[in-house]
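Below, all heavy atoms of this structure are taken into account, side chains as well, without hydrogens, waters or symmetry copies.
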Amino acid sequence: MRRIELTELLSRFAKDQVIYPNTEVHRAMTKVSSEARYLSTKLNNGVYTDEQIKAQMTQITGQELDDGFSLFLPFTSDFGKNIKIGKNVFINSGCRFQDQGGITIGDQCLIGHNVVLATINHDYHPEKRGIMHLRPIVLKEKTWIGSNATILPGVTVGENSVVAAGSVVTKDVPANTIVGGNPAKFLSNLADKIEE
């Protein structure tokens with residue numbers, strides 16, 4: 001059986017955006033996911049300095065993180081290697097990243113407690129529920145995601161925007177806006193709040 005390398009796997013995720021059960025792609029994904037779950041469990045069951053946390057997140061993501069990166073534990077990723085984190089990013093405790101579809105976090109983003117970033121949907125057809133549909137999540141620069149928010153597959157949150165606590169974001173969020181609710185809707189332009 002041919003072994004799929006990580007770069008090919010990520011390329012196939014981006015191109016095909018569908019994972020069928022019991023295929024070589026699914027098996028390769030499961031292997032990387034097992035490693036990410038192991039590393040996340042290790043990370044969450046120890047006492048570490050900020051530098052040690054950053055080093056372990058580098059292992060999980062496969063990306064060297066800058067000195068301004070900060071993470072409060074616990075943190076869970078079920079793939080890890082499809083997360084791209086910009087500079088000076090803060091991730092608060094209890095966050096869960098399902099990143100097979102790709103998660104991009106821009107510079108200076110703030111992510112509140114218990115935020116879920118989910119890049120997978122299952123097929124609606126009951127006989128095909130094992131099929132996974134992948135879509136990336138992008139948080140542009142200086143976004144603030146409030147506690148207990150959930151961002152669903154395919155969503156881009158525009159730069160400087162705020163997602164209110166407890167929101168479920170199902171559609172793109174324009175830059176410089178505040179959204180909230182379930183499903184999240186436009187609440188205000190950011191400029192209106194800054195002027196207050």
Side-chain angles (χ1 to χ4, degrees), residues 36-37 39-50 52-54 56-57 60-61 63 65-80 82-121 135-196:
R37 289 191 310 272
L39 292 171
S40 294
T41 300
K42 179 180 170 189
L43 177 65
N44 294 324
N45 285 291
V47 179
Y48 303 107
T49 65
D50 290 341
Q52 291 169 322
I53 290 170
K54 190 172 88 170
Q56 290 190 54
M57 277 298 286
I60 290 170
T61 63
Q63 171 196 355
L65 300 168
D66 81 300
D67 290 337
F69 173 78
S70 183
L71 168 69
F72 289 0
L73 300 176
F75 170 81
T76 305
S77 169
D78 65 356
F79 188 77
N82 212 2
I83 302 171
K84 295 173 186 65
I85 300 173
K87 296 177 181 173
N88 299 311
V89 168
F90 173 68
I91 301 171
N92 217 323
S93 63
C95 291
R96 293 185 169 95
F97 290 6
Q98 180 191 58
D99 62 291
Q100 285 90 334
I103 293 172
T104 302
I105 302 170
D107 295 346
Q108 300 180 51
C109 286
L110 302 175
I111 301 176
H113 294 88
N114 303 314
V115 167
V116 174
L117 303 180
T119 65
I120 295 177
N121 271 327
R135 306 252 335 266
I137 290 173
V138 177
L139 307 180
K140 298 282 188 166
E141 293 74 22
K142 299 181 184 175
T143 59
W144 172 19
I145 311 301
S147 295
N148 295 301
T150 298
I151 299 181
L152 297 180
V155 168
T156 295
V157 179
E159 64 186 29
N160 304 317
S161 290
V162 177
V163 173
S167 298
V168 177
V169 185
T170 61
K171 296 179 182 171
D172 288 353
V173 175
N176 301 300
T177 61
I178 301 169
V179 300
N182 181 4
K185 293 184 167 77
F186 174 84
L187 298 177
S188 169
N189 287 306
L190 189 60
D192 295 338
K193 291 294 182 184
I194 292 172
E195 293 173 4
E196 290 181 354

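Considering every non-hydrogen atom in both Ser167 and Ala164, the closest pair reads OG-O, 2.7 Å. Taking all atoms of both residues into account, the shortest heavy-atom contact from Gly154 to Ile137 is N-CG1, 4.4 Å. Taking both residues in full, the closest heavy atoms of Cys109 and Lys142 are given as SG-N, 4.0 Å, listed atom of the first, atom of the second, then distance. Nearest heavy atoms, Gln108 versus Val89: N-CG2, 4.3 Å.
Here the side chains of Asp67 and Lys54 are in contact, with some heavy-atom distance below 4.5 Å. At least one side-chain heavy atom of Lys140 sits less than 4.5 Å from a side-chain heavy atom of Thr156. At least one side-chain heavy atom of Leu139 sits under 4.5 Å from a side-chain heavy atom of Ile151. For the pair Asp99 and Leu117, the minimum side-chain heavy-atom distance is 4.5 Å or more. Side-chain contact check for Val162 versus Lys193: every heavy-atom pair is 4.5 Å or farther apart.
Atom CG of Leu110 and atom CD1 of Ile105 lie 11.0 Å apart (nearest 0.5 Å). Atom OG of Ser70 is separated from atom CZ of Phe90 by 5.5 Å, given to the nearest 0.5 angstrom. Between the CD1 atom in Ile178 and the CZ atom in Phe186 there is a gap of 8.5 Å [rounded to 0.5 Å].
Using modelled atom types, one side-chain atom of Ser161 and one backbone atom of Thr177 make a donor-acceptor pair closer than 3.5 Å. Between the side chain of Gln100 and the backbone N or O of Phe79, no donor-acceptor pair lies under 3.5 Å. Not a single donor-acceptor pair under 3.5 Å links the side chain of Thr61 to the backbone N or O of Gly80. Listed for the Thr170 side chain is no donor-acceptor partner under 3.5 Å among the backbone atoms of Leu152. In terms of modelled atom types and a separation under 3.5 Å, the side chain of Thr119 and the main chain of Pro136 share no donor-acceptor contact. Proximity of a side-chain donor or acceptor of Asn160 to a complementary backbone N or O of Ala175 within less than 3.5 Å is not detected. A side-chain donor-acceptor contact under 3.5 Å links Asp107 to the backbone of Lys87.
The number of heavy atoms from other shown groups lying within 6.0 Å of CZ (Phe72) does not exceed 12. The neighbour count for Asn189 CG, taken as heavy atoms of other residues, nucleotides or ligands under 6.0 Å away, is above 12.
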Give the C-alpha distance, both sets of side-chain angles, the deciding distance and a yes or no for side-chain contact (heavy atoms from CB on, under 4.5 Å) between Thr150 and Val169.
CA-CA 6 Å; Thr150 298; Val169 185; over 6 Å; no
Dump the intermediate steps for side-chain contact (heavy atoms from CB on, under 4.5 Å) on Ile85 and Gln63, then the final yes or no.
CA-CA 8 Å; Ile85 300 173; Gln63 171 196 355; 3.9 Å; yes
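Of the residues listed (Leu73, Ile60, Asp78), the one engaging Ser40 in a side-chain contact (heavy atoms from CB on, under 4.5 Å) is Ile60, and it is the only one.
Asn92 and Ser147 form no side-chain donor-acceptor contact under 3.5 Å, judged by distance and modelled atom types alone.
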